[in-house]
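All remarks here apply to the structure that follows.
Just so you know, residue 1 is the first one in the sequence shown, and it goes up from there. Ligands are counted one by one from 1 in listed order, and the atoms in each one are counted from 1 as well. FYI, side chains are in, hydrogens and waters are out, and symmetry mates aren't considered; it's all heavy atoms of this structure.
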Amino acid sequence: MERRVRVRFAPSPTGPLHMGGVRTALYNYLFAKKHGGDFLLRVEDTDQNRFVPGAEEYIQESLKWCGFLPNEGQGVGGELGPYKQSERKEAGLYKKYVQQLLDADKAYYAFDTPEELDQMREDLKKAGVSAPQYNAISRMRMKNSVSLSAEDVEKRMAEGEPYVVRFKMPRNEEIKFKDIIRGWVSVQTANLDDKVLYKSDGMPTYHLANIVDDHLMNISHVIRGEEWLPSAPLHVYLYEAFGWADTMPQFAHLPLLLKPDGNGKLSKRDGDRLGFPVFPLEWKDPSSGEISSGYREKGYFPEAFMNILAFLGWNPGTSQELFSLNELAKTFSLERVGKAGSKFDPDKASWFQQQYLRGKEDAELASLLKGGYSNLDVVKNADEQFLAGVCGMMKERATFLADIPVEGAYFFAAPIEFDEKMTRKKWKDGSAELMTEWLTEFSAITDYTAENIEQTFKSFLEAKEKGIGAVLPLFRLLVTGKGMGPSMFSVAELLGKEETVKRMESGIKTLG
Ligand code: GLU
């Protein structure tokens, strides 16, 4: 029987979710959706020292904004909960698994103090070992249940001496596993250390909790960032040590997100330097108060953000670039995710946003503006149909929805300033007379539509023997104060005849 696809996004609440993290979540979601499986959210908060208040809520809010929610897990519930590791620890979920490894001689107790660990590293360095580690060789000279007698260990335990449980990594074996994206990965255990799995306070470490939970939650595929690739051999070993090798999930390690120049991992600093967010939502650091910008606050549509992220590592193999979340879920496959790091291109990100802005119906844009994309009073007070008209005319010229009422401020109020360059270049002696004549013609239009305005305008040009460039910019200058913009006939139609006439009269007076 085919195994049901069950994937999880397992962030640690140690800060805001980086866009790389959101991409991991997205790929998990798409994979689950494509295979009709489950997408879980599990909070991995075993490292209490790195806990950051607000980070978990931030993760939940980010996924909600992105538009793909888990169907099981933290915040949603499910039969296999709790889905937060600190709560699972409280429920005593991990203890028996540590015991299982200890009983099978796959793990051991270690009593070394931090000073002793430092000393060991120092000694090994002096002896010429470049990367000293706690392993099959060095463990024999440390204080643990492999090197000490059973009585000694018992005594220490009875006296309450703090300890950790370490995995007993075999000395010289080869670990091999197949990664869906990378193919066969092979590692010699001689290069791996005896990782700590459990602490005496009963807290499992990431490695143990992660494997136990993936097993108990029937996870079929582990899709996560490349930074976890070095941990994968230990994880494979743990599955074997537990006797769970036949239900071990398949691994897929996603490529890194790189800086725009390809030179290293994309970081918050690159975003600050080059002016783009690296977080989905704005984040205020609770200790420093520092604010980092977010895609949401910058004005990106979540659909655009999803499309941007989808293409950072994956491609459909066709020239299609715009995909809704549903289309992505149909098309996505891990086989089309590349191994090589994926460069983030801020211009391409803006391009996606522009495409989504253009692709939306005018009425939807108007309601989004009123619904919170803009806080401007002119937007709040505007008639929704009028606003839709403005959006329709301006959406080709903007990147973000909120720019529309700013760039197109003249739709909401008559200009008080006139583009200086335009005025200097176009407004000459005689312009006032010419525009007054045009105003007379304009005022006489009875069936007031963009087409009729255009028709009347053309006849006016003919009668005056003028080219379009000699008159249209002046008309625009008077009505909008600008040198450029959407079709003036449509602008005039939307503003209405009375308002346009008023603006022309007052403009002619001002420019003289
Ligand atoms: N808690 C790990 C993280 O913060 C999860 C790694 C994994 O998916 O196994 O990314």
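Atom 5 (C) of ligand 1 has A10 O, 3.1 Å as its closest protein atom, hydrogens excluded (heavy atom only). Considering only non-hydrogen protein atoms, atom 8 (O) of ligand 1 sits nearest to R8 NH1, 2.7 Å. Scanning all protein heavy atoms for the shortest distance to atom 4 (O) of ligand 1 gives S12 OG, 3.1 Å. In terms of protein heavy atoms, atom 3 (C) of ligand 1 is closest to W228 CZ2, 3.4 Å.
Residues R182 and E226 share a closest heavy-atom pair of NH2-OE1, 3.3 Å.
Of the heavy atoms in N210, only side-chain atoms (C-beta onward) come closer than 4.0 Å to ligand 1. Looking at Y206 against ligand 1, only its side chain comes within 4.0 Å, counting heavy atoms.
Counting atoms of ligand 1 from 1 in the listed order, those under 4.0 Å from a heavy atom of E44 are 1 (N), 2 (C), 5 (C).
Annotation: cation-pi pair K348/F311 absent, no NZ/CZ under 6.0 Å from the ring centroid and within 45° of its normal.
H215 has its side chain out of reach of P249: every pair of non-hydrogen atoms, C-beta onward, lies at least 4.5 Å apart. Put simply, the side chain of R156 reaches to within 4.5 Å of the side chain of L148, judged on heavy atoms. For the pair F332 and V337, the minimum side-chain heavy-atom distance is below 4.5 Å.
Note: Y295 and F305 meet the aromatic proximity criterion, with ring centroids under 6.0 Å apart.
Residue H235 places every heavy atom at 4.0 Å or more from ligand 1.
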